[in-house]
Each structure stands twice: as C-alpha cells, then as structure tokens.
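Before any comments, here is the structure.
So you know, we letter chains A, B, ... as the sequences are listed, proteins then strands, and number each from 1. Note that this is a predicted model, so its numbers are computed, not measured.
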Amino acid sequence: MTWLDILILLVRCLVLALASATLFAYFTLFERRLLAKFQHRIGPNRAGYIPLPGGKKLFGGWLQPAADAVKLFLKEDVVPAMADKWVYIMAPGFAVVPALIIWVAIPLGTWPDGMGGNWLHYAPIDVGVLYLLAVTSIGVYGIAIAGWASNNKYSMIGGVRASAQVISYELALGFAILAVVMQNSTFRTEEIVTSQGLIWNIIPQFLGFIIFLIASTAEVVRSPFDLVEAEQELVGGYNTEYGSMKFALFFMSEYIKLIAMNAIAVTLFLGGGNFPGIDTLVAAIKTSNGDTIAYAVQGALTLGAFLLKTTALSFLSVWVRASVPRVRYDQLMHLGWKVLLPLGLFNVVMTAVFGVLFPADSLIAKIIMCVVGVIVVVIVSATATPKHAKRGVTLVNPSAGN
Amino acid sequence: MLDAYVPLLAMVGIAVFIAVFVLSVSRILGPQKATVRKLAPYESGMEPIGDAMARFPIKFNLVAMLFILFDVEVIFFFPYALVYRQLGIPGLIEMGSFVLVLLVGLTYVWKKGALTWD
C-alpha cells in the first residue's frame with residue numbers, strides 16, 4: 001500500500017461517514033414530514049423554500065436539518081456538576097462511533113473497480129455477518145455509560161433499561177441472522193447478496209425477516225420499544241442531562257443505527273442492490289460502451305436500488321412509530337424472551353432440517369418454508385399476548401370510588 | 001486476507017475524528033455561562049435527593065446473566081451454520097440434541113419465572 005492508496009481510502013471513508021450523517025439529517029426531515037402527514041399536520045415547511053411567482057413555495061423545509069445543526073452547535077455545552085466528567089463527555093462518542101462503522105461491512109451496491117474489488121463495499125471481510133452483529137450490539141455501551149455518568153436518576157434508569165432491552169433482543173436478532181447464514185452457507189455479506197439470486201431470502205426466511213424487523217427495532221431502542229427514553233416517565237431517559245452537540249450525537253447514532261439496521265435487513269433478506277434484469281442490462285452496456293461505463297452504470301443502479309429498498313423499510317419504521325403505542329416493560333420482556341427467542345430457535349431448526357433434506361437451491365423447500373413461516377407468524381401474532389393484558393381487565397376499579 | 005480489514009480500521013479512525021471534532025467545535029462555539037442551578041442534575045425541579053449511582057433492581061442483573069447463558073449457546077450454532085449441509089443427517093441429530101438441552105434450560109428458566117417481569 002502506497003501513501004496514495006491510504007489517502008484515497010481515508011477520503012472514501014470520510015465520504016461514507018459524511019454520507020451517513022447527511023442520510024441521518026434528511027431522515028429526520030423525512031420522519032417529521034411523514035409523522036405530520038400521519039397526524040394531519042403540515043410539519044417543517046419553512047426553511048429554505050424557493051418562492052415561485054403567484055405566492056407558491058417550492059421545497060419548503062429542505063434546509064431544516066441544517067438549521068437544526070447550526071442551532072445545536074451554538075448551544076451551551078453544559079457538564080453537570082455531579083457528573084463523572086470525562087465519562088460524561090466521552091459517552092456520545094462511544095455511541096456514534098459504532099453507528100458510523102457499521103456501514104463498512106454492508107455492500108451498498110456493486111461497482112467493480114476492475115481489480116476484483118468493489119467501490120461500494122468498503123471492507124469485504126470474511127466474518128461480515130458476525131461483525132455486523134457485534135457492532136450493532138456494542139452501540140448500547142454509549143447509552144449505558146451516558147446513563148451512569150450523568151448521575152441523574154432518570155438517566156440511570158434509562159441506561160439500565162437500555163442494557164437489559166438490547167441484550168434481550170440480541171438473542172432473537174442472532175437467531176434470525178443465523179438462519180440467513182445457514183440459508184446461504186456464508187458469513188460474507190456480499191456473498192449473501194449474490195447467492196440470493198432472484199428469490200430473495202425474504203421468501204424462505206419469511207419468519208426470520210419478521211423476527212429481524214421486530215428485534216432490530218428493539219435493538220436500536222426505537223418506538224414502540226423506546227422505553228429507554230419514555231418521556232412521560234423518564235423525562236428524556238439516558239440523554240436527560242445532555243444538550244448541545246452531545247445530545248445531537250446521541251440522536252445521530254440512534255438514527256444512523258436505525259437506517260443501518262434497515263440496510264442490513266435489505267442486505268440479508270431483500271437482495272441488497274440487486275434487482276431482476278440488472279445482469280442483462282450491464283452485459284448489454286458492456287458490449288456497446290465498454291467496461292468502465294458499464295461498471296459505473298451498474299454501481300449507480302445497484303446503489304439506487306439499495307437506497308430505494310432501505311428507504312422503503314425506513315418508511316415502514318416511521319409508519320410503525322406513528323401507529324403503534326409504546327409497549328410496557330413486562331410486555332417488552334415477554335415478547336423478547338417468550339415469543340421471539342423460541343420462534344428464532346424454531347426458525348433455525350426448520351432451516352437446518354430443510355437444508356439437510358433438500359439441495360441448497362431447491363425451490364420447493366423455499367416455498368414450503370415461506371408457507372410455514374407465514375402460518376407461524378399469523379398464529380403467533382394472534383395468540384401471543386401476556387396473560388394479564390387480556391381484554392376486559394381494567395386497571396382502575398370504578399366502583400371503589402375515591 | 002487481512003487487507004480487507006484496513007478500510008475498517010480507517011473508518012474507525014474517521015469516526016473517532018468526527019466525534020472528537022463535533023464535540024470540540026460545539027465546546028468552542030457555544031457560550032459558557034455556568035450557574036449553580038444550571039449545573040444541578042435535573043430532578044423535575046426538586047433539589048436532587050442523594051446520589052443516582054445507587055442500587056437498581058436485581059431483575060436487570062438476572063436478565064444479563066440469562067443473556068450470557070443463551071448468547072454463548074447461540075455462538076455455538078455459528079460454526080454449525082457453515083457446514084451443516086456437509087454434516088447431513090448425523091449432524092442434524094447431534095445439533096438437535098443440543099437444541100433439546102437448550103430447550104430444557106429455557107423451560108426451566110421459564111417455569112421458575114425468571115422471564116416474567118413484574
């Protein structure tokens with residue numbers, strides 16, 4: 001490796017980090033506008049509009065993330081007197097670094113550099129799936145440390161809740177990812193993408209996909225599993241004592257992790273950047289325009305498809321946030337340990353049995369697994385509720401008076 | 001094949017740089033007018049009572065212990081996941097008995113009420 005290579009690598013990494021930060025900034029706008037639509041409001045529509053003749057305003061709100069960032073940069077940087085000062089200051093860093101480094105192991109598309117590499121896959125490591133699992137769960141350290149170092153009771157409860165929640169759902173997440181590894185017999189993320197072919201993993205691994213969606217939402221402590229920052233009971237949760245850019249870094253890590261989880265779901269279950277017909281298209285361009293242009297077009301198209309799928313899943317996340325009320329802590333633990341963990345184990349056993357009895361690319365096995373998965377999801381979602389949360393039970397006895 | 005890990009290392013460096021940069025820039029740009037009230041921990045407007053780094057319910061500790069137990073067992077599955085097609089039926093039976101042991105453990109913990117949060 002020459003110095004030039006290292007420089008190019010650093011610039012590429014900087015581009016990736018800034019791209020994910022921009023993605024986060026515009027995801028907040030996307031979410032705020034969508035939530036406003038869900039609630040019959042307008043949402044942020046002022047910052048940076050283009051005035052048209054006739055009083056109409058175009059693209060209102062597109063500078064809102066920038067305005068928020070400038071505001072947060074200019075806020076006072078407070079370190080509470082009773083806090084553990086250095087741990088308190090470092091905690092946002094512990095939260096944001098894992099969120100940013102998730103992206104290197106995700107193949108964001110296919111753009112061959114002509115030497116067997118891929119511009120859109122930074123680190124094609126041979127334990128990619130394990131790396132993703134490790135980095136997504138290490139992010140909770142930031143939250144737990146922040147809760148402890150703030151020396152505030154709300155933060156402390158938020159941090160402890162976060163640790164328990166994340167480790168509980170990590171088991172289900174691990175089982176869901178394990179089944180995908182078994183399906184494709186590889187730990188390399190790019191091989192998982194290519195070996196899915198036209199029948200994406202969501203078909204044989206439908207049950208795994210549902211488990212992954214729920215567990216990943218809980219893993220990034222996102223609504224309806226956001227008990228860590230339940231504002232009605234915990235003020236702000238682990239970030240109560242944080243302000244200025246330190247708060248923004250927590251916010252950023254949470255949202256980047258959410259988008260990254262959706263990106264991992266796209267990689268593992270929805271075929272990554274592939275879509276039907278991409279191979280013939282690239283082959284056609286390659287014969288007419290040469291390799292370089294064909295590779296660039298392939299890179300642009302696969303990256304576009306990847307981002308489109310990720311956006312679709314992110315829309316689902318916003319939709320869930322707008323529709324589903326927050327769960328109670330006992331319901332959270334019930335879902336994680338008594339529903340998703342046995343289901344994940346079942347899914348792994350099913351994948352193993354079908355994988356041993358049928359050849360690797362058997363279509364019949366995939367269809368049977370899909371049908372079984374759908375049936376199991378329907379039955380479990382209809383029956384699995386905590387015993388004491390049945391209908392007809394009221395918390396307040398109206399005849400008891402005052 | 002360690003070359004593939006170099007971008008990862010570079011990304012860690014960039015991420016740490018961004019975190020440090022953002023934290024120090026807001027430190028420089030923001031005003032610094034600390035008062036006693038402002039630096040007190042927020043406790044719904046009350047004077048803070050006692051220290052927050054105190055005891056918390058043992059249930060969280062129990063969850064952590066159960067996690068360690070089951071997560072180690074999940075890790076045992078990962079080597080199997082790569083070679084289970086070559087191992088065939090005998091491997092399936094061996095892994096099935098391992099799953100059975102795991103299920104016995106889960107049932108025990110479940111019946112003991114360790115998974116019920118109340």
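Residue contact with chain B, scored on non-hydrogen atoms closer than 4.5 Å, involves the side chain of L133(A) exclusively. For I18(B), the part sitting under 4.5 Å from any heavy atom of chain A is the side chain, from C-beta outward, and nothing else. Proximity to chain B is limited to the side chain of Y154(A), based on heavy atoms less than 4.5 angstrom apart. Only the side chain of T240(A) comes within less than 4.5 Å of a heavy atom in chain B; its backbone stays farther off. Interface remark: L102(B) contributes side-chain atoms only to the contact with chain A (heavy atom separation under 4.5 Å). Residue contact with chain A, scored on non-hydrogen atoms closer than 4.5 Å, is absent for V109(B). Residue A248(A): no heavy atom, backbone or side chain, is found under 4.5 Å from chain B. At a 4.5 Å heavy-atom cutoff, the contact between V349(A) and chain B is made by side-chain atoms alone. When heavy atoms are compared at a cutoff of 4.5 Å, F187(A) approaches chain B by way of both its backbone and its side chain. Contact of L66(B) with chain A is made through backbone and side chain together, with heavy-atom distances under 4.5 Å. For V104(A), the part lying under 4.5 angstrom from a heavy atom of chain B is the side chain only. For K75(A), the part lying near chain B is the backbone, with the side chain staying farther off; criterion is any non-hydrogen pair under 4.5 Å. For V96(A), the part sitting under 4.5 Å from any heavy atom of chain B is the side chain, from C-beta outward, and nothing else. Looking at V353(A), the atoms closer than 4.5 Å to chain B (heavy atoms on both sides) sit in the backbone and in the side chain alike. For chain B, the nearby part of T186(A) is the backbone; its heavy atoms alone come within less than 4.5 Å. For I89(B), the parts lying near chain A are the backbone and the side chain together; criterion is any non-hydrogen pair under 4.5 Å. Contact of L178(A) with chain B is made through backbone and side chain together, with heavy-atom distances under 4.5 Å.
Residue with the most contacts toward chain A among L103(B), D71(B), V22(B), V16(B): V22(B) (heavy-atom pairs, distance under 4.5 Å). Of the listed residues A15(B), P31(B), P57(B), the one with more heavy-atom pairs under 4.5 angstrom with chain A than any other is P31(B). Among the candidates V25(B), V74(B), L92(B), the residue making the largest number of heavy-atom pairs closer than 4.5 Å to chain A is L92(B). Looking only at heavy-atom pairs under 4.5 Å with chain B, the residue among D77(A), D84(A), L332(A), I6(A) that has the most is D77(A). Most heavy-atom pairs under 4.5 Å with chain B: of the set N152(A), L74(A), I167(A), this distinction falls to I167(A). Among the candidates L249(A), V78(A), I177(A), the residue making the largest number of heavy-atom pairs closer than 4.5 Å to chain B is L249(A). Per-residue heavy-atom pair counts under 4.5 Å with chain B were compared for L9(A), L341(A), L72(A), and the maximum is reached by L9(A). Ranked by heavy-atom pairs under 4.5 Å with chain A, the list F78(B), F77(B), F17(B) is led by F78(B). In terms of heavy-atom pairs under 4.5 Å with chain B, the best-connected choice from P98(A), A105(A), S185(A) is S185(A). Most heavy-atom pairs under 4.5 Å with chain A, from the set S26(B), A64(B), G88(B), G13(B): that is S26(B). Among M90(A), R12(A), M156(A), the residue making the largest number of heavy-atom pairs under 4.5 Å with chain B is M156(A).
The nearest pair of heavy atoms linking V181(A) to A81(B) is CG1-CB, 3.9 Å. Closest approach of F67(B) to W337(A), counting heavy atoms only: N-CH2, 3.8 Å. The two atoms that bring A19(B) and V97(A) nearest to each other are CB-CG2, 4.5 Å, heavy atoms only. Contact between K33(B) and E76(A) at its shortest, heavy atoms only, is N-OE2, 3.1 Å.
For the pair Y122(A) and V6(B), the minimum side-chain heavy-atom distance is 4.5 Å or more. Proximity of I157(A) to F60(B): side-chain heavy atoms (C-beta onward) are nowhere separated by under 4.5 Å. Using a 4.5 Å heavy-atom cutoff, the side chains of V79(A) and R27(B) are in contact.
Once rounded to the nearest 0.5 Å, the distance linking CG of L106(B) with CG of L345(A) reads 8.0 Å. For the atom pair L357(A) CG and R85(B) CZ, the distance stands at 11.0 Å (nearest 0.5 Å).
A donor-acceptor contact shorter than 3.5 Å links the side chain of Y84(B) to the backbone of M182(A).
Atom CZ of F354(A) sits in a crowded spot, with more than 12 heavy atoms from other residues, nucleotides or ligands closer than 6.0 Å.
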For V127(A) and Y5(B): C-alpha separation, side-chain torsions, deciding distance, then whether side-chain contact (heavy atoms from CB on, under 4.5 Å) applies.
CA-CA 10 Å; V127(A) 289; Y5(B) 289 86; 3.5 Å; yes
